[in-house]
**Student:** 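One structure, as structure tokens, below. Some questions next.
Below, chain A is the first sequence line, B the second, and so on; all start at residue 1.
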Protein chains: 2
Amino acid sequence: MKLIIRSSAISRRNLLSTLAALAAVPSLLLFTDAQAQTDPLPSWNNGPAKQAIIELVKVTTDKASPNFVAPEARIATLDQDGTTWVSHPMYTQVMYCLERVPAVVAKKPELKNVEPFKTVLSGNREAMAKLSMKDLEKILAVTLTGMTVDEFRAEVTKWIATAKHPRWDRLYTELTYQPMLEVMRYLRANGYKTYIVTGGGQDFVRVYSERVYGIPPEQVVGTAGGVKYGYDTSGKPILTKEPKLLLNDNNTGKPEGIHLMIGARPIIAFGNSTGDRQMLEYTKAGDGARLALLVLHDDAQREYAYGPAQGLPDTKVGTFTQALYDEAKKDGWIVISMRNDWKRIFAFE
Amino acid sequence: MKLIIRSSAISRRNLLSTLAALAAVPSLLLFTDAQAQTDPLPSWNNGPAKQAIIELVKVTTDKASPNFVAPEARIATLDQDGTTWVSHPMYTQVMYCLERVPAVVAKKPELKNVEPFKTVLSGNREAMAKLSMKDLEKILAVTLTGMTVDEFRAEVTKWIATAKHPRWDRLYTELTYQPMLEVMRYLRANGYKTYIVTGGGQDFVRVYSERVYGIPPEQVVGTAGGVKYGYDTSGKPILTKEPKLLLNDNNTGKPEGIHLMIGARPIIAFGNSTGDRQMLEYTKAGDGARLALLVLHDDAQREYAYGPAQGLPDTKVGTFTQALYDEAKKDGWIVISMRNDWKRIFAFE
């Protein structure tokens, strides 16, 4: 921008207004610059999803807006698997459980020749893929319970620092979605408290949530088993993980868990599968401005493609049915197309 | 303080040092003033309890201290009944349940001539005092479950705004202990997250915790029943309070509940009865500096006196046994004497 002012052509009044206009120029430029520099969601393409998120934040944080929400009521809940990080071909926590089996069998050799442990120890992926839900439950029971909460935390800390995803050969924690990390930061910068509300294990996710998502342990709501207070041989108090389910944080368990752990209804909620349906319904049913969003995995090239909504391949891991898609469209939820809405998926890209 | 300077008696060098000294005077005065003005615990008498709290905050927040605790790990847990507010002659929530009986019977007239409702409706205090634990459970069940969480919140909000304590004829929320309100503020000002960890109902306490204690709903851990997700006749999602106990937040339930809801061990914890024992043990068993404190009600004149520790009268409401007292002394917990440690008990005094 170039401005040439010939002083001879300017009366005093004109001069004043021209100066006023000039004064406005740098701040306008700065404003545009600042806008560009501080796009809070740079990994999102401009589109209805990005617009809806920014609009919701705007109307709930502007004191002059009829939809203003007091800071203490600004609650955002996000599912984890398939919403904030990759969950295919298998949930990360299930990978942890399978990979823990050798260590568990080393301590309990009587399991060595017993199914399903025998199959897991064989390393035969084809046979492992055929394990039943009941088999899986047995594996989860021995790898997620029976130890103290401190022992479990130490084991997960060690595993998550080294275990890698077979497709990308990268740490699972690197496979978090950059657009969703931006959303969490953006919401927090606007006074929102961000919560992970996951069908995964609460104790598992809490190990890395602060470091990976900036979400402290107490803001992770997940499937939770009971713990039992007792004393070790030296008389020191310990908490032992019990094979007793307290909260199955899936489906109706999500709003139920939100009530138990947060005690307030979210203003904005993100999910990606039928397990998130009730959380999104519950969120949208609140007064004022509310936003419900679903990540649709329609990008086989950069990540995965599964539904079966919209003719995408069917899956048992993170199922997004056509019925869920139809409910979303009918009730004004936002479906985030991974392919179209996300400019970049991972930070390492 | 008065300073008279005769200029004739002052050499240049003397003048400079005198001016320097003078310059120091106001700031010293200001410093002393500021110290006096900002005593963080003005309702506490100087004594071992006040000193221990201030010392703990000092060593856990000073970056140069070997006991420094990162802000995100600064967790403080406080029991409610008998620790942050009056719980005699009866727990406030039980008063709520008893006073709700007429409204419940109006909706369910079939209960009118059935015990224990008949006795409660009679208003005969002597007969009511004789109700068994099983009777009480029946009363809690009909007054705390069966409604939506929104209905329950509305009922408690209305009650707590008007119901008064028989002895002081004041709102129950006015019967919070001023020294403990100061402790909560002081801890928060030093980066601590303050939690109520109560045997009382989580949904009940959450109604007023923000207003009364400055503690948001998500930082109230209490006895919790299940809720059930469903839809009302118009199809709107609702959560209904179920007569199913999820967490009995007393005794071992306190550290278990802290793990479930917070996922980290407290640095400092306050209680007043045997129901807090395991929470305090768990707190003290952590690494680094930890502090466990028990409020001893030894002030019949200003509040109540009960134990039976130290020969105080026995009670079923907030029992502080001699065994608990002995454990506290043996393990370095602090016993707060209401009579000696608290200069003022209530804000209205």
Side-chain angles (χ1 to χ4, degrees), chain A residues 70-73 75 149-150 153 193 195 202-203 205-207 209-210 214 216-222 224-232 234-242 246-247 251-265 277-286, chain B residues 70-73 75 149-150 153 193 195 202-203 205-207 209-210 214 216-222 224-232 234-242 246-247 251-265 277-286:
Chain A
E72 64 269 22
I75 305 285
V149 299
D150 292 337
R153 190 183 300 122
K193 255 190 164 173
Y195 287 84
Q202 187 166 278
D203 284 349
V205 180
R206 282 175 169 177
V207 171
S209 62
E210 176 93 51
E218 66 270 23
Q219 284 166 228
V220 174
V221 179
V227 293
K228 196 179 162 65
Y229 183 83
Y231 306 91
D232 69 12
S234 74
K236 199 182 158 178
I238 49 170
L239 291 171
T240 305
K241 286 171 71 65
E242 298 267 282
L246 269 189
L247 173 67
N251 306 306
T252 61
K254 289 212 174 191
E256 291 161 5
I258 287 170
H259 178 75
L260 174 69
M261 305 282 295
I262 310 177
R265 197 191 295 253
R277 180 166 75 87
Q278 290 86 348
M279 173 169 76
L280 302 195
E281 288 174 351
Y282 180 61
T283 299
K284 279 291 282 183
Chain B
E72 64 269 21
I75 305 285
V149 300
D150 292 337
R153 191 182 301 120
K193 255 191 164 172
Y195 287 83
Q202 188 166 278
D203 284 350
V205 180
R206 281 174 170 179
V207 170
S209 61
E210 176 94 51
E218 65 270 23
Q219 285 167 225
V220 174
V221 180
V227 294
K228 196 179 162 67
Y229 183 84
Y231 306 90
D232 70 12
S234 75
K236 199 182 159 177
I238 48 170
L239 291 172
T240 306
K241 286 172 71 65
E242 297 267 282
L246 268 188
L247 172 67
N251 306 305
T252 60
K254 290 213 173 189
E256 291 161 6
I258 287 170
H259 179 75
L260 175 69
M261 306 281 295
I262 311 177
R265 196 192 298 254
R277 181 164 75 88
Q278 290 85 349
M279 173 169 76
L280 302 195
E281 287 174 350
Y282 180 62
T283 299
K284 280 290 283 183

**Student:** Would you check if B/Met261 and A/Glu218 make a side-chain contact, meaning some heavy-atom pair closer than 4.5 Å?
**Tutor:** no
**Student:** Nearest heavy-atom pair of A/Ala264 and A/Ile258: which atoms, and what distance?
**Tutor:** O-CG2, 3.3 Å
**Student:** For A/Ala285, is it the side chain, the backbone, both or neither that has a heavy atom under 4.5 Å from a heavy atom of chain B?
**Tutor:** both
**Student:** So does A/Tyr229 get a backbone contact from the side chain of B/Glu256, meaning a donor-acceptor N/O pair under 3.5 Å?
**Tutor:** yes
**Student:** Check each atom of B/Gln202 against the heavy atoms of chain A and say whether the ones under 4.5 Å are side chain, backbone, both or neither.
**Tutor:** side chain
**Student:** What pair of heavy atoms forms the shortest contact from B/Gly253 to B/Leu247, and how long is it?
**Tutor:** O-CD1, 3.7 Å
**Student:** Between B/His259, B/Lys236, B/Glu281, which residue shows the highest count of heavy-atom pairs closer than 4.5 Å to chain A?
**Tutor:** B/His259
**Student:** Which region of A/Ile262, side chain (C-beta onward) or backbone (N, CA, C, O), has a non-hydrogen atom less than 4.5 Å from a non-hydrogen atom of chain B, or is it both or neither?
**Tutor:** both
**Student:** Tell me the closest heavy-atom pair linking A/Ser209 and A/Val220, and the distance in Å.
**Tutor:** OG-CG2, 3.4 Å
**Student:** Which atom names give the shortest non-hydrogen contact between B/Val149 and B/Lys241, and what distance separates them?
**Tutor:** CG1-CG, 3.9 Å
**Student:** Could you tell me which portion of B/Leu239 (side chain, backbone, both or neither) has an atom closer than 4.5 angstrom to a non-hydrogen atom of chain A?
**Tutor:** side chain
**Student:** B/Glu72, B/Lys284, B/Lys228: which one forms the most heavy-atom pairs within less than 4.5 Å of chain A?
**Tutor:** B/Lys228
**Student:** If you count heavy-atom pairs within less than 4.5 Å of chain A, which of B/Pro255, B/Gly225, B/Ala224, B/Pro217 leads?
**Tutor:** B/Pro255
**Student:** Can you tell me how far CE of B/Met279 sits from OG1 of B/Thr252, rounded to the nearest 0.5 angstrom?
**Tutor:** 13.0 Å
**Student:** Using non-hydrogen atoms and a 4.5 Å limit, figure out which bit of A/Gln278 sits close to chain B: side chain, backbone, both or neither.
**Tutor:** both
**Student:** I'd like to verify something: which residue of A/Arg265, A/Lys193, A/Lys254 has the highest number of heavy-atom pairs under 4.5 Å with chain B?
**Tutor:** A/Lys193
**Student:** Contact part of A/Asp203 toward chain B, heavy-atom cut-off under 4.5 Å: side chain, backbone, both or neither?
**Tutor:** side chain
